[in-house]
There are 2 protein chains.
Amino acid sequence: MTIALGVLGCGTVGQGTVLLAHRRAEKIQHLTGFRPYVKRILVRDLEKTRSPEIDRSKLTNQAYDILDDPEIQVIVETIGGIEPARTYILEALRRGKHVVTANKDLIALYGTEILKVANDVGVEVLYEAAVGGAIPLVGPLQENLTANEVTDLKGIINGTTNFILTQMSETGAEFADALAEAQALGYAEADPSSDIDGLDAARKLTILASIAFHARVELADVQVEGIRHITARDVQYARELGCVVKLLASGTDRNGRLSLRVRPTLIPLAHPLAHVSNSYNALFVRGDAAGDLMFFGRGAGSMPTASAVVGDIISLLRNIRLGVAGSPENRLYLQKRVVPDEMLYQHYVRFSVSDKPGVFARIAQLFGDAGISMETVLQKRVEQGQAEIVVVTHSIPAHRMDELCDALAQVQQVQKVACVMPLEALSE
Amino acid sequence: MTIALGVLGCGTVGQGTVLLAHRRAEKIQHLTGFRPYVKRILVRDLEKTRSPEIDRSKLTNQAYDILDDPEIQVIVETIGGIEPARTYILEALRRGKHVVTANKDLIALYGTEILKVANDVGVEVLYEAAVGGAIPLVGPLQENLTANEVTDLKGIINGTTNFILTQMSETGAEFADALAEAQALGYAEADPSSDIDGLDAARKLTILASIAFHARVELADVQVEGIRHITARDVQYARELGCVVKLLASGTDRNGRLSLRVRPTLIPLAHPLAHVSNSYNALFVRGDAAGDLMFFGRGAGSMPTASAVVGDIISLLRNIRLGVAGSPENRLYLQKRVVPDEMLYQHYVRFSVSDKPGVFARIAQLFGDAGISMETVLQKRVEQGQAEIVVVTHSIPAHRMDELCDALAQVQQVQKVACVMPLEALSE
């Protein structure tokens with residue numbers, strides 16, 4: 001039996017999905033009883049040059065050619081962004097169609113609304129591809145790991161920043177040059193702000209944390225800091241400390257108190273996340289029964305993302321065959337409080353001071369007054385009357401580090417507190 | 001609504017399962033509609049001292065107290081080994097009970113029979129815990145990654161050998177000493193042969209390869225080589241080559257031609273599997289759409305394995321609620337040929353020769369005659385008139401390396417071809 005799919009969008013992911021669904025049609029028929037075929041594809045520009053494998057007769061620039069087609073039971077949304085994707089998905093759901101989407105922005109911001117409509121109508125919304133590209137994350141967190149209380153999520157879930165930081169680490173490049181290279185290679189957008197300012201990672205964290213902690217968290221719950229201010233020297237100092245710098249998205253659950261952050265972090269080389277380089281993504285999960293787990297793979301790209309989209313299509317078709325697609329579920333059934341990060345971290349802090357006698361004693365005094373021990377004073381680099389100091393503290397709560405930085409900034413001889421990063425602890 | 005479980009076995013995994021199912025009862029009720037309770041537990045010795053959390057009134061030493069109890073719908077088998085586990089599982093299935101098992105030996109050897117009986121009766125057999133402990137492997141391969149043709153599986157799936165090899169690498173210990181330490185710490189059995197000779201890994205590979213390649217493979221299809229002959233010097237030489245030695249289980253599918261091997265292998269430090277240390281397990285998967293993926297975590301232990309068992313129980317209860325538990329499936333629907341490993345690998349070979357003039361020329365001649373180039377001649381260590389030679393070859397098929405070793409062994413001055421290992425290539 002065939003089943004008609006309507007694909008919204010024919011960019012990188014849309015095209016990959018059309019090709020992969022076609023290539024795997026026989027296998028999918030065997031596994032699910034349905035042979036999928038793409039009936040229509042929504043595009044903005046009918047005339048644009050496309051892969052010869054895309055059948056042009058299927059293209060339309062009218063969304064309602066697809067949404068109003070009663071034969072199409074499954075909508076695959078690959079447009080991305082909020083509108084018009086949100087409207088199309090809601091319209092599809094209200095017409096009783098199942099939806100598979102790769103849209104992280106939409107699920108992060110409107111997931112509650114979309115899942116509620118789907119539940120009310122009795123159809124399914126699947127979004128494995130919205131986080132981590134090809135890496136199965138939604139599935140394992142929603143299925144295999146549910147016997148756990150997940151206490152920690154730590155993810156490198158933005159490929160653009162990971163590529164930039166890897167380049168900075170391997171070639172000694174400054175941020176701006178590494179960004180330019182990422183743009184030249186297509187790893188970064190012309191306007192890279194949503195990646196490099198951490199927003200993309202924060203959206204994905206919102207999705208993952210909601211699933212892992214069984215409680216809806218919102219984007220506004222995530223404290224976000226990007227990587228624009230990271231310099232080649234920070235990366236070099238990190239290396240001297242036996243660490244790499246990564247943009248880490250982390251969520252913790254301490255007895256129902258959730259903390260969610262995206263920020264540049266020093267990861268020790270012995271940590272499994274330290275070796276996740278370039279455009280790869282990884283999610284580290286700690287469960288109270290499972291212990292430490294890590295999932296690693298390609299977080300973006302045409303076929304890797306299509307792998308997740310078509311995987312969802314296969315699950316959906318199996319559920320349709322069994323008559324259970326869209327069965328009501330309420331996995332986000334707990335209410336949890338989001339609180340500021342209360343964990344203790346060692347902190348890396350780099351700042352510049354006037355190179356004058358007594359300045360370091362004054363700084364050391366400030367640390368002492370704040371009750372914060374220095375574990376390492378890494379470097380003193382003097383240039384034009386300025387000394388650069390890097391300190392690694394003992395473990396302290398983030399807010400005490402913030403207070404210390406405020407105090408440091410008050411000192412007349414301190415030019416600038418240039419960079420503060422937590423240092424990720426190794427597993428016990 | 002409550003649902004009664006019968007647990008067979010109360011060792012490490014059985015006990016963990018009982019505790020975790022109890023601890024998560026409320027969550028499971030929310031997610032599935034059923035509150036699980038362990039009604040009976042089969043033990044050999046009723047008098048043995050056990051955790052105070054195990055309710056002694058539930059213990060029985062009569063399997064049929066459980067198998068014949070009509071209230072018990074779900075059997076959790078944690079006995080391990082072939083008999084009596086096989087008989088109990090088959091009897092449970094024939095009585096219409098669903099089965100969750102952590103038994104790799106049984107699934108590897110009798111999986112076909114067991115799954116056929118389950119399909120015929122219309123009940124479910126779940127075995128996520130049989131491979132990789134807490135790491136979700138069966139789930140992702142069976143669900144999320146099905147849009148892929150999986151071409152490569154590479155796994156570190158035996159914690160005992162990984163602990164021994166990690167010790168040898170970190171402390172320079174010889175195999176026998178590292179094994180003794182593993183035994184002292186409880187990572188190795190008194191009779192460690194099934195682990196160190198590679199059989200345990202081969203059984204798990206049989207299970208993983210069957211799922212990933214959608215074709216039933218048998219234990220006899222796996223070429224197995226253990227780690228008894230690996231010396232501290234091999235581990236040291238590997239390190240000089242920028243590699244670590246791991247017992248690698250690998251399965252490849254090249255257009256329907258499968259090759260399955262378990263053998264000690266040199267893994268370059270830049271490979272994601274190189275950093276999987278001690279008792280951790282990991283599976284590297286390459287799919288034609290997803291690209292390279294890795295799954296990492298604890299491969300054994302009470303709570304990690306219970307995490308997978310209880311995860312399966314949750315999936316099963318959800319399926320029971322939806323009325324689809326035991327729906328017929330035939331995922332291993334393809335017939336594929338198992339062939340000797342045809343891949344090209346660089347090879348590491350270590351052998352001793354009499355330290356006499358002209359011997360190395362003779363050896364080099366043999367390599368040349370076999371058309372095998374030496375990429376590196378790593379070491380010459382002379383002791384009591386013997387020289388030890390380590391050669392890393394260019395990429396060649398394994399069978400040509402075997403032929404060369406046979407030829408080397410014929411040379412009068414060659415004392416012993418002591419160790420041959422392939423060198424795992426990095427991803428493109």
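Below, chain A is the first sequence line, B the second, and so on; all start at residue 1. The structure presented is a predicted model; accordingly, all values stated were derived computationally and were not measured.
- Counting heavy-atom pairs closer than 4.5 Å to chain A, the top-ranked of the candidates B:Gly297, B:Ala290, B:Gly311, B:Ala134 is B:Ala290.
- Rounded to the nearest 0.5 Å, atoms NE2 (B:His30) and CG (A:Leu334) are 7.5 Å apart.
- In this structure, CG in B:Leu31 is found 5.5 Å from NE2 in A:His214, a value given to the nearest 0.5 Å.
- Smallest separation of non-hydrogen atoms from A:Pro136 and B:Leu293: CD-CD2, 4.3 Å.
- Of the listed residues (A:Ile314, A:Val309, A:Ile313, A:Leu19), the one with the most heavy-atom contacts under 4.5 Å to chain B is A:Ile314.
- Residue with the most contacts toward chain A among B:Ile28, B:Asp288, B:Asp312: B:Asp288 (heavy-atom pairs, distance under 4.5 Å).
- Looking at B:Ile135, the atoms closer than 4.5 Å to chain A (heavy atoms on both sides) sit in the backbone and in the side chain alike.
- The structure places CZ of A:Phe295 at 11.0 Å from CZ of B:Phe296, a figure rounded to the nearest 0.5 Å.
- Of residues 138-147 of chain A, those residues lying under 4.5 Å from chain B by any heavy-atom pair are A:Gly139, A:Pro140, A:Gln142, A:Glu143, A:Asn144, A:Leu145, A:Thr146, A:Ala147.
- Contact annotation for residues 320-333 of chain A against chain B (heavy-atom separation below 4.5 Å, listed by residue number): A:Arg321, A:Leu322, A:Val324, A:Ser327, A:Pro328, A:Glu329, A:Asn330, A:Arg331, A:Tyr333.
- Here the CZ-CD distance, from B:Arg23 to A:Glu149, works out to 10.0 Å after rounding to the nearest 0.5 Å.
- Of all the listed residues (B:Leu20, B:Thr305, B:Val276), the one sharing the greatest number of non-hydrogen pairs under 4.5 Å with chain A is B:Leu20.
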